[in-house]
Amino acid sequence: MECIVELTNMKIGKNMKTVLVLCFLVLFVVSMSSAELLTTANSIGKGKFVGLGTWIQDSNVSNNKDYKGTCFGGYVGYGLIDQLDILFGVGSVTLSGLPSGFESSIIGYGPMLKYTLITEGENFPISVAVGGGYKLLSKKVKIAGLGEITTDGSQRLLGVGVSKLVIPFVPYTGVLYRNISGTIGDSYQIDITLGTAIAWSMQGAVLVEYTHQLITPSVGTNYSSGQFAVSLAYTI
């Protein structure tokens, strides 16, 4: 309860509520959308590498329409076998729209696995994949004249995705479940993503997607948030 310990030494008056909200803010915002785990349901391919960089704009952070989250991040992945990929993702989020004198940022990183259950072909019209992962999260809140507060957390992910090859497009949809452990208990989140990859070559693609997030925070009432992402991927 590091946040509570530091707050007991601070005289912040009417800003107490704001500090508490920022300190205990659910760490979901480092989500990197469905793209971090599934993108299309197609596998990378045995012995191949993929790199993906992404920009994400998150709205209604912590159920406050004034708070926005901007994320830069991505992952590198390797095809262990034809249907099983291992990925390592990292993301950094900066919050905007906060009250004057407050700054907040979050960093998340960790490994993920994706397994393609069904590969699109003559016998199947779509590809289907499942995946899971784990992330470590670190959040910083800076308060003018009062210093910096750091809180840590973790995130567990499980998802399923479907994609269809319609050259040069690869439309996909995915559902991702997140369990986030933070300073004052667990929160939960379900991401529903709809997007498409747009291939410019056999190796490269741009991905555009929208994610609707259903969030059950550890404190407060349930709410929803929207997230728009643009990513660039390349396979070698």
Separation of L137 CG from I107 CD1 (nearest 0.5 Å): 10.5 Å
Working note: F228 + W55, criterion side chain to side chain contact (heavy atoms under 4.5 Å, CB included); need CA distance, chi angles, decisive distance, verdict. CA-CA 8 Å; F228 179 75; W55 168 87; 3.8 Å; yes
Give the ring-plane orientation class for Y234 versus W200, where under 30° counts as parallel, over 60° as perpendicular and anything between as tilted. parallel
Are V130 and L84 connected in the hydrophobic side-chain network, where two residues link if heavy atoms are under 4.5 Å apart? yes
I need the minimum non-hydrogen distance between E120 and L165, along with the two atoms involved. OE1-N, 2.9 Å
Supply the atom-to-atom distance N64 CG to Y223 OH, rounded to the nearest 0.5 angstrom. 9.5 Å
Assess the residue pair N179 and D186 against the criterion (side chain to side chain contact (heavy atoms under 4.5 Å, CB included)); give the C-alpha distance rounded to whole Å, side-chain angles, the decisive distance to 0.1 Å, and a yes or no. CA-CA 7 Å; N179 169 232; D186 287 5; 3.5 Å; yes
Kindly indicate whether the side chain of I215, heavy atoms from C-beta on, has any atom under 4.5 Å from the side chain of Y188. no
One should read off an interatomic distance between I118 CD1 and F124 CZ, to the nearest 0.5 angstrom, of 5.5 Å
D85/K114 salt bridge by N-O under 4.0 Å criterion: yes
If every non-hydrogen atom of S138 is compared with every non-hydrogen atom of D152, which pair is closest and at what distance? OG-OD1, 3.4 Å
Please name the pair of heavy atoms, one in S163 and one in Y172, separated by the smallest distance, quoted to 0.1 Å. CB-CB, 3.8 Å
Report yes or no: do T119 and N42 form a side-chain donor-acceptor pair below 3.5 Å? no
What's the spacing between L52 CG and T235 OG1 if we round to 0.5 Å? 9.5 Å
Judged by modelled atom types alone, do E209 and T193 share a side-chain donor-acceptor pair under 3.5 Å? no
Does the side chain of P217 reach to within under 4.5 Å of the side chain of N222, using non-hydrogen atoms? yes
Verify the neighbour count for atom NZ of K68: are there more than 12 heavy atoms of other residues, nucleotides or ligands below 6.0 Å? yes
Smallest heavy-atom separation, I106 atom then K139 atom, equals CG1-CG, 3.9 Å
Taking the basic N atoms (NZ, or NE/NH1/NH2) and the acidic carboxylate oxygens, is any pair closer than 4.0 Å for R178 and D191? yes
Any chance NZ of K164 has more than 12 other-residue heavy atoms, nucleotides or ligands included, within less than 6.0 Å? yes
Just by distance, no angles: are the side chains of D58 and S225 close enough, under 3.5 Å, to form a donor-acceptor pair? yes
For the residue pair S104 / K140, report whether a side-chain donor-acceptor contact shorter than 3.5 Å exists. no
State, yes or no, whether a side-chain contact exists between I149 and I143 at a heavy-atom distance under 4.5 Å. yes
Validation row: N63, T221 side chains within 4.5 angstrom (heavy atoms): yes
Transitive ILVMFWY side-chain link I126 to V160, under 4.5 Å: yes
Considering non-hydrogen atoms only, spot the tightest contact between G91 and C71 and give its length. CA-SG, 4.4 Å
For the ring pair Y78 and F49, is the centre-to-centre distance below 6.0 Å? yes
Rounded to the nearest 0.5 Å, what's the gap from OG on S187 to CD on Q155? Could you check? 8.5 Å
Is the backbone of L207 close enough, under 3.5 Å, to the side chain of S231 for a donor and an acceptor to pair up by distance? no
Evaluate the criterion side chain to side chain contact (heavy atoms under 4.5 Å, CB included) for residue pair V175 and I190; output intermediate values, then yes/no. CA-CA 7 Å; V175 177; I190 295 177; 4.0 Å; yes
Which pair of heavy atoms, one from Q83 and one from L117, lies closest together, and at what distance? NE2-O, 4.0 Å
